[in-house]
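Please read the structure below before turning to the comments.
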Protein chains: 2
Amino acid sequence: MKAETGTAGAAQADPACSERLPLAAQDGPVSMTISRVARLHRIAAGKVLKGLGLYPGQEFVMMHLWDAGPVRQSDLIKAVDLDPSTVTKMLQRLEQAGHVRRRPDPDDRRAVLVEATDASCGLLTEVRRSWGDLEDHTLAGLDPAERAELARLLGRVETNLCVETADCPEEAARRAALRR
Amino acid sequence: MKAETGTAGAAQADPACSERLPLAAQDGPVSMTISRVARLHRIAAGKVLKGLGLYPGQEFVMMHLWDAGPVRQSDLIKAVDLDPSTVTKMLQRLEQAGHVRRRPDPDDRRAVLVEATDASCGLLTEVRRSWGDLEDHTLAGLDPAERAELARLLGRVETNLCVETADCPEEAARRAALRR
DNA sequence: GAGATTAACTTGGTCGGCCAAGGAATGCGC
DNA sequence: GCGCATTCCTTGGCCGACCAAGTTAATCTC
């Protein structure tokens with residue numbers, strides 16, 4: 001889509017056939033692949049979600065709302081583990097799009113209760129199907145054993161990345177473990 | 001960092017102990033993990049890069065510039081495979097930050113030549129080191145065989161995702177194959 | 001060589017993300 | 001009860017990323 005006819009001149013000259021990896025990235029080939037896969041995966045998800053009226057990232061919020069019903073916004077924020085401001089703005093857009101309803105919490109005048117609209121619940125099935133299609137496409141050509149192994153390894157990577165990300169290793173490890 | 005003391009109320013009530021995965025995502029567990037790993041990995045990369053004066057995403061542009069020297073912007077765009085407008089704005093910021101120099105191409109008055117500044121070249125080593133650290137951290141606890149397997153599987157996933165992303169499957173497959 | 005096409009950016013808009021800072025309500029200590 | 005810290009959410013700013021549209025220059029066509 002970006003790289004078209006590929007007569008692109010000399011920049012991509014593969015000298016010999018040695019290293020396709022940038023010099024500065026040679027100590028991190030897997031990290032490089034993760035980055036690329038991440039982007040491709042997000043694009044693929046976004047493409048399929050666009051047809052449903054969702055932007056990439058919103059899926060996770062909606063998924064939690066479908067599961068949990070009316071939730072305090074702060075709980076939602078903890079569930080999806082995003083910055084509060086990110087969630088606020090996303091919810092404003094989701095509300096305007098009619099996917100979400102918000103109302104003040106009668107028990108706590110600071111808090112806001114969020115829930116998926118009835119209309120949006122129709123999306124659940126389609127999102128689930130799309131998500132399944134994405135999975136199929138992502139894992140095409142991998143047999144069950146390979147899929148399991150990939151899941152295992154990615155799980156381990158997730159745990160690894162969690163520990164450093166969080167300021168409190170213990171807590172991060174606990175959370176990472178929970179997801180497994 | 002976000003999920004703190006975790007007394008978070010009833011929202012995350014693990015009913016029984018069955019599914020930690022949202023209902024709508026149950027057909028795509030690996031996709032879910034990929035999304036989480038992607039975000040964590042980007043955050044980890046961003047954290048380490050911030051100390052070097054780079055924002056996440058800029059690394060890839062700089063890496064290519066360090067390798068390729070002065071390049072036409074259009075070639076750079078093809079190399080990193082991003083939207084032209086994304087690269088334009090990123091370069092404006094990189095230029096203002098002193099990491100990059102831009103000048104018109106004498107041979108083509110439409111085009112712009114981009115190169116890393118001498119100052120930025122000092123970053124190469126540090127970025128490489130950081131990238132290596134990130135790799136170590138990401139793959140901690142995996143033995144060489146597991147790392148190789150993960151790389152192989154991710155490569156396959158990348159190929160899979162490439163085909164659908166591009167409008168021309170042939171071209172995408174070719175490009176995907178090139179990266180392996 | 002004039003006219004249409006294509007290539008190479010740029011600008012403006014929108015979203016997802018983050019950080020920093022602020023305002024409002026609650027809860028705690030005393 | 002009063003004050004101070006916490007919690008909850010919002011706003012503004014910034015950056016990466018996309019799309020759509022527009023501008024300028026090269027190129028192709030006749």
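Per chain, numbering begins at 1; letters A, B, ... match sequence-line order. Just the heavy atoms: all of them, side chains too, but no hydrogens, waters or symmetry mates, feed the values below.
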Whole-Å distance between [N] [atom2] and [X] [atom1]?
X: A:Met90; N: D:dT10; atom1: CE; atom2: C1'; result: 15 Å
X: A:Ile77; N: D:dC9; atom1: CD1; atom2: C1'; result: 7 Å
X: B:Ile43; N: C:dG17; atom1: CD1; atom2: P; result: 10 Å
X: B:Arg103; N: C:dC9; atom1: CZ; atom2: P; result: 13 Å
X: B:Glu95; N: D:dC15; atom1: CD; atom2: P; result: 14 Å
X: B:Leu113; N: C:dA8; atom1: CG; atom2: P; result: 13 Å
X: B:Asp105; N: C:dA7; atom1: CG; atom2: P; result: 17 Å
X: A:Leu91; N: C:dG17; atom1: CG; atom2: P; result: 12 Å

Just to confirm, is there a sub-4.0 Å distance from OP1 or OP2 of [N] to any side-chain nitrogen or oxygen of [X]?
X: B:Gln73; N: C:dT10; answer: yes
X: B:Gln92; N: C:dT11; answer: yes
X: B:Arg102; N: C:dT10; answer: yes
X: A:Arg72; N: D:dC8; answer: yes
X: B:Thr86; N: D:dG16; answer: no
X: B:Thr88; N: C:dT10; answer: yes
X: A:Arg42; N: C:dG17; answer: yes

Requested in this report: Go through the steps for A:Leu150 and B:Leu150 under the test side-chain contact (heavy atoms from CB on, under 4.5 Å), then give the verdict.
Outcome: CA-CA 7 Å; A:Leu150 178 57; B:Leu150 178 57; 3.9 Å; yes
Report task. May I ask you to say what A:Glu59 touches in the nucleic acid, namely base, sugar-phosphate or nothing, with a heavy-atom cut-off under 4.0 Å? Result -> nothing
Closest to the [X] side chain: [options]?
X: B:Asp83; options: C:dC18, D:dC19, C:dA7; answer: D:dC19
X: B:Leu82; options: D:dC18, C:dT10, C:dA8; answer: D:dC18
X: A:Tyr55; options: C:dG16, D:dC15, C:dC9; answer: C:dG16
X: A:Arg39; options: D:dC18, C:dT11, C:dA7; answer: D:dC18
X: A:Arg109; options: D:dC18, C:dG17, C:dT26; answer: C:dT26
X: A:Ser74; options: C:dT26, D:dC9, D:dG16; answer: D:dC9
X: A:Gln58; options: D:dG16, C:dC18, C:dG16; answer: C:dG16
X: B:Lys89; options: D:dC9, C:dT11, C:dT26; answer: C:dT11
X: B:Ser85; options: C:dT11, D:dG12, D:dA26; answer: C:dT11

Requested in this report: Measure across B:Gln58 and B:Gly53 and return the closest heavy-atom pair with its distance rounded to 0.1 Å.
Outcome: OE1-O, 4.4 Å
Report task. Measure across A:Arg156 and B:Ala140 and return the closest heavy-atom pair with its distance rounded to 0.1 Å. Result -> NH2-O, 3.5 Å
Query raised in the report: Below 3.5 Å, does any donor atom in the side chain of B:Arg110 face an acceptor in the base of D:dT24, or the other way round?
Result: no
Are [X] and [Y] packed together at the side-chain level, in the sense that at least one heavy-atom pair is separated by less than 4.5 angstrom?
X: A:Val112; Y: A:Arg72; answer: no
X: A:Leu76; Y: A:His64; answer: yes
X: B:Glu135; Y: A:Met32; answer: no

Query raised in the report: Closer to the 5' end of DNA chain D via nearest nucleotide, is it A:Lys50 or B:Arg93?
Result: B:Arg93
For residues 86-101 of chain B, which side-chain donor-acceptor pairs fall under 3.5 Å, sequence neighbours excluded?
unit_1	atom_1	unit_2	atom_2	d
B:Thr88	OG1	B:Gln73	NE2	3.3
B:Thr88	OG1	B:Pro84	O	3.1

Report task. Would you kindly compare A:Asp108 and A:Gly57 by the position of their nearest DNA chain C nucleotide and give the one closer to the 5′ end? Result -> A:Gly57
